[in-house]
Asks: 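Attaching a single structure in structure tokens format; questions to follow.
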2 protein chains.
Amino acid sequence: MKISVLGTGIVGHTIGSKLIELGHQVCMGSRTANHEKAVTFVKKNGSLASQGTFADSAAFGEVIFNCTKGEFAIAALQMAGAINLRGKTVIDISNPLDFSKGMPPSLFVCNTDSLGEQIQRAFPDAHVVKTLNIVNCEVMVHAGKSGGDPTMFVSGNNADAKKQAVTFLNAFGWNDIIDLGDISTARGTEQMLPVWVRTYLATGNGYFAFKIVR
Amino acid sequence: MKISVLGTGIVGHTIGSKLIELGHQVCMGSRTANHEKAVTFVKKNGSLASQGTFADSAAFGEVIFNCTKGEFAIAALQMAGAINLRGKTVIDISNPLDFSKGMPPSLFVCNTDSLGEQIQRAFPDAHVVKTLNIVNCEVMVHAGKSGGDPTMFVSGNNADAKKQAVTFLNAFGWNDIIDLGDISTARGTEQMLPVWVRTYLATGNGYFAFKIVR
């Protein structure tokens, strides 16, 4: 499948590399074409990898992975272009983390709204699915790196888009998936970030995940 | 040990009954002495159980369990009296849930503050430990009712108070406990309530808990 990965940070690289390992074609998008990190991504990943602007990438992809930093997510998706997102599954991994006052971060939106909802409202013709945002990026693509069989949540308004997201989650090693409901349930998973950060700071271990024991 | 349980709701009853089963003396506190539900609690639990006002209960207890509803927690503790909390471990189970707009609830404090911190600031001589607030009350006192060996967090400024809280957690069947740090880390665990509620609504099962797989 042709996949757009928006964002050249460690999340974009890790997700993009894993998707190529799975046999997909990946176009990494950034603010400008030929971004140094995107060029490195292509060199590292061979003929299935390409790069371009956010709009190039989103036009290429049948599915979009939003791997941008939360504070830039909506701006990046605007550069990607609503027309290039229309009718597509947008897997939103971003988190509304505010590091402006240092560690630990707070959330710049929470409680009665979420970044997932903001994105869905900004791009009503896209099918936004919030998932994967509650673990570090290596655990995202190898659930077993947490040391167990953890749970992953999906939130979104479109059932087919969530089904498509789940096929990627399965390929990433996630076997226990809970569909929380519509995109407003992203409030719940985005608000797990504070306890993620505190658990990381308390244990010194970022290779963990949440299991809903039931 | 002499224990104060503040609150006559299902959380107070469940915690109080379990503490009596473990051989402790429990005084249930409420707004007025001889509250109908507190009298029922005493009848049901025999000679180790007693009841009275919040102040009677807090004066009796060597340890305080705050089982009041979040919106009334500080008022209830004020009625209990700062002098009766001084130097004692206050195990705070309350959650800042706001049901004023129906289901699902939002939080009336979160992100850059927490109810645990508000209580600690209001009663600086008490040793507040936030814990148990992330599961239903039957799972609180029987961790195994979740169907596994889940994780419980503790947050608090006083190491001895956290150690004392952990002895109760162990007696309630919690074997995997993570000390997140000072009371500000209660922001993390209180913000797990939204995903708790959404998981409950999505699965129809309230007998679950969170395991940090690592």
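Below, chains carry the letters A, B, ... as their sequence lines are ordered, and counting in each starts from 1.
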Asks: List the steps and the verdict of side-chain contact (heavy atoms from CB on, under 4.5 Å) for I134(B) and F210(B).
Replies: CA-CA 8 Å; I134(B) 57 170; F210(B) 299 89; 4.1 Å; yes
Asks: Evaluate L22(B) against F172(B) for side-chain contact (heavy atoms from CB on, under 4.5 Å), listing each step before the verdict.
Replies: CA-CA 9 Å; L22(B) 292 167; F172(B) 293 172; 3.8 Å; yes
Asks: Step by step, would you call F153(A) with I212(A) a side-chain contact (heavy atoms from CB on, under 4.5 Å)?
Replies: CA-CA 10 Å; F153(A) 300 102; I212(A) 299 297; 3.7 Å; yes
Asks: Which heavy atom of L115(B) sits nearest to which heavy atom of A73(B), and what is that distance?
Replies: CD2-CB, 4.5 Å
Asks: Under 4.5 Å heavy-atom distance to chain B, tell me which part of L180(A) shows up: side chain, backbone, both or neither.
Replies: both
Asks: Which region of L107(B), side chain (C-beta onward) or backbone (N, CA, C, O), has a non-hydrogen atom less than 4.5 Å from a non-hydrogen atom of chain A, or is it both or neither?
Replies: both
Asks: For the residue pair F60(B) and V26(B), what are the closest heavy atoms and their distance?
Replies: CE2-C, 4.2 Å
Asks: If you compare all heavy atoms of A58(B) against all heavy atoms of L85(B), which two are closest, and at what distance to 0.1 Å?
Replies: CB-CD2, 4.3 Å
Asks: Could you walk me through whether F65(B) and I93(B) pass the side-chain contact (heavy atoms from CB on, under 4.5 Å) test, one step at a time?
Replies: CA-CA 7 Å; F65(B) 278 77; I93(B) 304 178; 3.9 Å; yes
Asks: Are there any donor-acceptor pairs closer than 3.5 angstrom between chain B and chain A, and if so, which ones?
Replies:
unit_1: L107(B); atom_1: N; unit_2: N111(A); atom_2: OD1; d: 2.8
unit_1: L107(B); atom_1: O; unit_2: N111(A); atom_2: ND2; d: 2.8
unit_1: N111(B); atom_1: OD1; unit_2: L107(A); atom_2: N; d: 2.8
unit_1: N111(B); atom_1: ND2; unit_2: L107(A); atom_2: O; d: 2.8
unit_1: S146(B); atom_1: O; unit_2: R214(A); atom_2: N; d: 3.3
unit_1: S184(B); atom_1: OG; unit_2: R198(A); atom_2: NH2; d: 2.9
unit_1: R198(B); atom_1: NH2; unit_2: S184(A); atom_2: OG; d: 2.9
unit_1: A209(B); atom_1: N; unit_2: V213(A); atom_2: O; d: 3.0
unit_1: A209(B); atom_1: O; unit_2: V213(A); atom_2: N; d: 2.8
unit_1: K211(B); atom_1: N; unit_2: K211(A); atom_2: O; d: 2.8
unit_1: K211(B); atom_1: O; unit_2: K211(A); atom_2: N; d: 2.8
unit_1: V213(B); atom_1: N; unit_2: A209(A); atom_2: O; d: 2.8
unit_1: V213(B); atom_1: O; unit_2: A209(A); atom_2: N; d: 3.0
unit_1: R214(B); atom_1: N; unit_2: S146(A); atom_2: O; d: 3.3

